[in-house]
Amino acid sequence: MTTARAWILLLPATLFLVVGFAGPIVFLGWTSLNVKGGGFGLEQYRRFLLDPFYRGFLTETVIISLVTTAVCGVLAYPLAYQLARTGARARSFLLMLLIAPLMIGDVVRGYGWLIALGDYGVLNQLLLAAGVVAKPIRLIFTPTGVVIGLVQVLLPFMVLPLAAAIGTIPVDLEEASLSLGARHGRIFRKVLLPLTLPGLAAGVVIVFALAMGSFAIPMFLGGVRVKIVGPLVFQQAMLTGDWPFAAAISSVLFATSLLLLVAYTWLGGARRGLEAAGR
Amino acid sequence: MGSAAGPLVAASPRTEAPDVELSGISKRFGPTEVLRAIDLTVGRGELVCLLGPSGCGKTTLLRILAGLVQPDTGRVRIRGRDVTSMPAYERQLGLVFQSYALFPHMTVRENVAFGLDARGIRRSEASQRIAGVLELVHLSGLDRRYPRQLSGGQQQRVALARALVLNPDVLLLDEPLSNLDARLRQEVRDEIRALQQETGITTVLVTHDQEEALTMSDRIVVLQAGIIVQSGRPLDVYRAPRDLFVAGFLGDANALRGRVERRGDVVVFVTSRGLVVALDASRGGASGSTAILLVRPEAIEIGRGAAGPAGVFAGAVTAVRYRGATVDLGVRLDTGDELRVLKTLPGYQGVRADERIWVRWDARDGVLLPDEAARA
């Protein structure tokens, strides 16, 4: 009876996931296999992956996503450490500060960055006034601008899992390291980093996947110059009306993220296996 | 000590300065004064135990010594060198945590090698020292295990090895036995003491456990509310506690309240209920002053029956509590004074509750303390 009741409780969410997630994916895959003029085939995939123009979108998106992930990782460690090591009251305040930007939509933030980073935006005005640069530096419609915007949007997704990981490491370990003669750099490399790898990996997977699929930020900050896959899908589906091609691009994007997730799970399993072998 | 462990002996040249010298150490955390003007020296090879209840400041004092906490005032000197503002990683100290703080992702060997690596010791010398220290703590052969594959006692020994392999000037132990179960505790206690005497390493140990303090240390320093209340050899502190707090913290004690009076040629103690107790002449307080007479439960002799030899006190047994090797008796004297008496099994003579008995103790076992409550 308990099992039957459990199934009843599981049913709504399961149905929702099947209808709302698995269903569209199947439909997406189906659509992507349509060939112009009728029939089925891999033509759309060939076009996306083999045509240098379109492949450029994939390459640039991957590079921008990797850089974004790396910058997030570097920026997140100090933040996550502070978050994990402060008292409960200060922590909830810091947490609120960290999460508050998520309440504002990507579109608003994208537009905000456009104003801030524009040729005569706030940043350039300041730099010009301070005499640091002679003429405005180009940030919007460049990969750098997109990375800046993405880092700001995605940083919390790196900080949170990292902070959770650091929180599980007793302060004793750091103090023991200090008393054994290790300075802070060594403590980070030999103790903190290895012990927070699972948290870091989780953050990397989330941030990379979100960066790969980002849309609003590259729309605003990348314009037509920076080739990002998200806006390309939008353009193909909504402006060109080429649904099969848009579906194929989406599928590649989805497969990339899935592959990453599988790699993460597998690496986690491998690590546990390795540790078990030490017995 | 095995020959391989030879270089582990602290081999610094003898100097005039004590190994540890704390002077005027104060520390406050917010409104709480954790330590107040602490002075403490620890000589070469000495094992000093900081004893006190939780919150007395003993752990903070250890952390100040280790360089993990900065004192508000005062100086810390180690082997004559002022290290007050020296960061923890430059002090040559071996710190063993209550939690052991072993690195979970490193093997026993990697844990022990961590400090050597951090101090840039050559690999060949390092592996020699690791082998020596692992032999010293009886962990040879377990060097590839991870901490979680070891028992609590073994983890404790890894923590010790990790600290000792660096030949520290001073070994600092923070509640080293509190995470072990009772039987193991005794074993590890003896092991640590033996190791300490073998290596001759100056050691500061923090504990709230009186037995640990009594059995392990050369000197006990009792702390209360950030102040050193008493300091001395274990037996001396036990036999002559300075006040009721020390007496109660180090063993059990019967405390009789009353006043010191002169009766003819002798000075006696009269409890508030009228019991008259002879005092050891050398310990007599000022006549007429209120005081507390302290008698250890194990110092009291008992006998069956209402009447005994001259000078005994008559009373009745109120409770008999068996504690395995000992029996804990509650006794109410005819004056109404209550006493706890601790006897080993043959010594308690099978007395039962409500039985009439007599008690007595050697005057030298009575410790006269000033009555803090009356003085305040």
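Chain naming here is simple, since letters A, B, ... match the order of the sequence lines and numbering starts at 1 in each.
- Heavy atoms of B/Leu68 lying under 4.5 Å from chain A belong exclusively to its side chain.
- With rounding to the nearest 0.5 angstrom, the CD atom of A/Glu175 is 10.0 Å from the CG atom of B/Asp174.
- A salt bridge is defined here as a Lys NZ or Arg NE, NH1 or NH2 lying under 4.0 Å from an Asp or Glu carboxylate O, and B/Glu110 with A/Lys190 fails to meet this definition.
- Proximity to chain A involves both the backbone and the side chain of B/Arg162, based on heavy atoms less than 4.5 angstrom apart.
- Interface remark: B/Leu116 contributes no atoms to any contact with chain A (heavy atom separation under 4.5 Å).
- Counting non-hydrogen atoms of other residues, nucleotides and ligands closer than 6.0 Å to CZ of B/Arg119 gives a total above 12.
- Your options are B/Pro104, B/Ala163, B/Ala159, and the one with the most heavy-atom pairs under 4.5 Å with chain A is B/Pro104.
- To the nearest 0.5 angstrom, A/Ser179 atom OG is 13.5 Å from B/Glu90 atom CD.
- Atom OH in B/Tyr100 sits 12.0 Å away from atom CG in A/Asp172 (nearest 0.5 Å).
- Only the side chain of A/Arg186 comes within contact range of chain B, with heavy atoms under 4.5 Å apart.
- The two atoms that bring B/Ala101 and A/Ala176 nearest to each other are CB-CB, 3.9 Å, heavy atoms only.
- Taking CZ of B/Phe114 as the reference point, atom CG of A/Leu180 lies at 6.5 Å (rounded to 0.5 Å).
- Here the shortest heavy-atom pairing between A/Val191 and B/Phe103 reads CG2-CE2, 3.6 Å.
- Residues B/Tyr89 and A/Ser177 fail the side-chain proximity criterion, which asks for heavy atoms closer than 4.5 Å.
- Atom CD1 of A/Ile169 sits about 8.5 Å away from atom NE2 of B/His105, to the nearest 0.5 Å.
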